[in-house]
Each structure stands twice: as C-alpha cells, then as structure tokens.
Amino acid sequence: MSHAGTALIDPYKVFEKVGLTHGMRVADFGCGRTGHFVFPSAKIVGENGIVYAIDVVQNILESIKSLAKSEGYDNVQVIWSDVECVGKTPIPENSLNACFFVNLLSQVKDRWSTIKEAVRLLKSGSFLAIIDWSKKLGPLGPSKERLVSPDSIVEFSEENKLILQENTALSDYHFLLIFKKI
C-alpha cells in the first residue's frame, strides 16, 4: 500500500530514528484517514506488536478498520478517544514503546494535555515523535496562528518527564522532535 503523503513525510525515516522494531506497541495519535503512519508501523512491529490508531472522528476510524481488514493487518486496533483529555485513552498506562503525533499539535486546542496523555501511556525509556508544520505549503498546512513553536514544545516536554533526543527539520515544511520518557 502506498501513501501519497510520503513525499512530505517519510514514516520510515522516523521509525529508524526511534528504533521501531518487531513486537513493539505503538500509537498514532490523530491517525487520519490514510493511516500514513499506522500501516507502515504495523508492517515493522509485525504480528507480535500492536499499532493503536487513535482518532476522535468515528468515520476516520471506520476507514482505518476497513483498510486494516482488507490488507490483512490483524495487529491494528482502532481507538476512539479525545487525546486532549488526560486519562481518557483506553490503553494501559506505561505500555507503549512509541507514540507518534503527525500534524496533530497544530490541530488540537489543548496541546499540553495531549502531550501529557502520551506521557501517561509511554513506558519509561520509550519515545514520543512529534512532527508538525514549520510553514505552510500553498493550501496545505495550518494557518500561521496555529503553527506550533518547537521551542515551546521542548520547554513543556522537559517539564513533563520527556528528554529531547532530536530536534531537526524533517522536510522544508515539517520539523521533527523526538523525546525519550524518563
């Protein structure tokens, strides 16, 4: 299965940086309709791993569920949750090896609670990868007011059990922050 968004964001580059391997449990917060990170990560974690595709929009989850079934991804579980509410996502605390936020923080109202929810679900020594827009690309991307400052994310995250491992430009239009949970 190919994904049109790979030209802007190559999920495999991110997976390599966080050391995604067979048997891991990962979550894609705000997974989106195409499962841009869901299906490639499901291939890597394999039948002994789990990929949680999390979104607040039911029909997006139905689309992911249908794709997972038709493509034979038995390790993908869809989860309806408002990730801005700490404690709401029905995944065991301290159970995930990695969480991915792809163009999520520029869309949510409460960025800080969203990060806290990921911290709650991650095991110690696991990774949170945050990818978001650094600038618009024509009609794509958030308004200037919704762009997220990587520095503000780093400052908040380091106060919340996360240590910055990498801060880089993923493309001309996206930044990548990788944090490790203490």
Side-chain angles (χ1 to χ4, degrees), residues 11 14-15 17-21 23-39 41-42 44-45 48-65 68 73-133 142 146-167 175-182:
V14 179
F15 298 158
K17 290 177 182 287
V18 300
L20 198 66
T21 59
M24 286 187 163
R25 299 167 61 100
V26 302
D28 183 3
F29 280 48
C31 63
R33 189 170 310 281
T34 65
H36 184 64
F37 268 57
V38 172
F39 298 110
S41 63
I44 293 172
V45 302
N48 294 328
I50 298 174
V51 176
Y52 296 103
I54 306 168
D55 213 291
V56 72
V57 181
Q58 286 284 2
N59 68 5
I60 284 176
L61 294 174
E62 290 304 318
S63 178
I64 294 292
K65 193 175 194 176
Y73 288 104
D74 297 329
N75 59 348
V76 172
Q77 294 185 18
V78 299
I79 294 187
W80 178 87
S81 184
D82 181 350
V83 295
E84 294 177 70
C85 297
V86 178
K88 182 162 175 109
T89 307
I91 295 173
E93 285 189 28
N94 304 307
S95 68
L96 297 178
N97 301 104
C99 285
F100 301 103
F101 290 7
V102 183
N103 296 333
L104 176 69
L105 292 182
S106 58
Q107 294 180 41
V108 297
K109 289 184 182 117
D110 190 344
R111 296 170 178 160
W112 312 133
S113 289
T114 304
I115 292 171
K116 284 181 179 180
E117 181 66 341
V119 170
R120 182 181 76 82
L121 300 175
L122 285 166
K123 291 179 185 181
S124 179
S126 294
F127 296 95
L128 170 60
I130 299 175
I131 299 160
D132 222 307
W133 292 92
R146 297 295 310 156
L147 289 175
V148 185
S149 156
D151 291 342
S152 69
I153 296 169
V154 169
E155 184 179 326
F156 178 82
S157 297
E158 289 183 339
E159 294 167 2
N160 286 276
K161 299 183 181 176
L162 295 170
I163 300 198
L164 184 66
Q165 303 291 296
E166 185 161 342
N167 180 351
F175 64 82
L176 167 65
L177 300 173
I178 297 175
F179 296 95
K180 187 174 192 176
K181 181 179 174 184
I182 299 171

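Being a predicted model, the structure only gives us computed values, none of them experimental. One is the number of the first residue; the rest follow in order along the sequence.
Side-chain N or O atoms of S152 include one that pairs as donor or acceptor with a backbone N or O of S149 at under 3.5 Å. N75 places a side-chain N or O within 3.5 Å of a backbone atom of A42 that can act as its donor or acceptor partner. Side-chain N or O atoms of E117 include one that pairs as donor or acceptor with a backbone N or O of G87 at under 3.5 Å. A side-chain donor-acceptor contact under 3.5 Å links R146 to the backbone of V108.
If you take CZ on F101 and CD1 on I153, they are separated by 9.5 Å, rounding to the nearest 0.5 Å. Within the model, atoms CG of L162 and CD1 of I115 stand 7.5 Å from one another, a figure rounded to the nearest 0.5 Å. For the atom pair L121 CG and N94 CG, the distance stands at 8.5 Å (nearest 0.5 Å). F127 contributes atom CZ, which lies 5.5 Å from atom CD of Q165 (distance to the nearest 0.5 angstrom). Taken to the nearest 0.5 Å, the CZ atom of F156 stands 10.0 Å off from the CG atom of L105. With values rounded to the nearest 0.5 angstrom, I182 atom CD1 is found 13.0 Å from S126 atom OG.
Counting only residues at least two apart or in different chains, salt bridge (Lys or Arg N to Asp or Glu O under 4.0 Å) contacts with residues 48-63 are absent. Applying the side chain to side chain donor-acceptor pair (under 3.5 Å) test to pairs two or more places apart or on separate chains, those with a residue in residues 97-113 are N103-W133, N103-H174, S106-D132, D110-S113.
Of all heavy-atom pairs between K116 and N160, the closest is CE-OD1, 3.6 Å. Between A129 and L176, the closest heavy-atom pair is CB-CD1, 4.3 Å. Closest of all the heavy-atom pairs between K17 and I178 is CB-CD1, 3.5 Å.
Contact annotation: the side chain of K180 never approaches that of L164 to less than 4.5 Å [non-hydrogen atoms, C-beta and beyond]. Using a 4.5 Å heavy-atom threshold, the side chains of W80 and Q58 count as touching. Side-chain contact between V56 and S81 is absent, with no heavy-atom pair separated by less than 4.5 Å. Looking at V45 and I50, their side chains never come closer than 4.5 Å, going by heavy atoms from C-beta outward. Using a 4.5 Å cut-off on side-chain heavy atoms (C-beta onward), I131 and F100 make no contact. Residues I130 and F179 are in side-chain contact: their nearest non-hydrogen atoms beyond the backbone lie under 4.5 Å apart. Considering only heavy atoms from C-beta on, L96 stays 4.5 Å or farther from K123 through its side chain. For the pair I60/V78, no side-chain contact is recorded, criterion being any heavy-atom separation below 4.5 Å from C-beta on.
Shown here is E166, whose CD atom has more than 12 heavy atoms of other residues, nucleotides or ligands within 6.0 Å.
Each of V18, V76, V51 was compared with S41 under the side-chain contact (heavy atoms from CB on, under 4.5 Å) criterion, and only V51 meets it.
The aromatic rings of F15 and F37 sit perpendicular to each other, their planes meeting at more than 60°, with 30° as the lower class boundary.
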Under 3.5 Å, which donor-acceptor pairs link side chains of residues 23-33 to any protein atom two or more places apart or in another chain?
| unit_1 | atom_1 | unit_2 | atom_2 | d |
| --- | --- | --- | --- | --- |
| R25 | NE | S95 | O | 3.4 |
| R25 | NH2 | Y52 | OH | 2.7 |
| R33 | NH2 | N59 | OD1 | 3.4 |

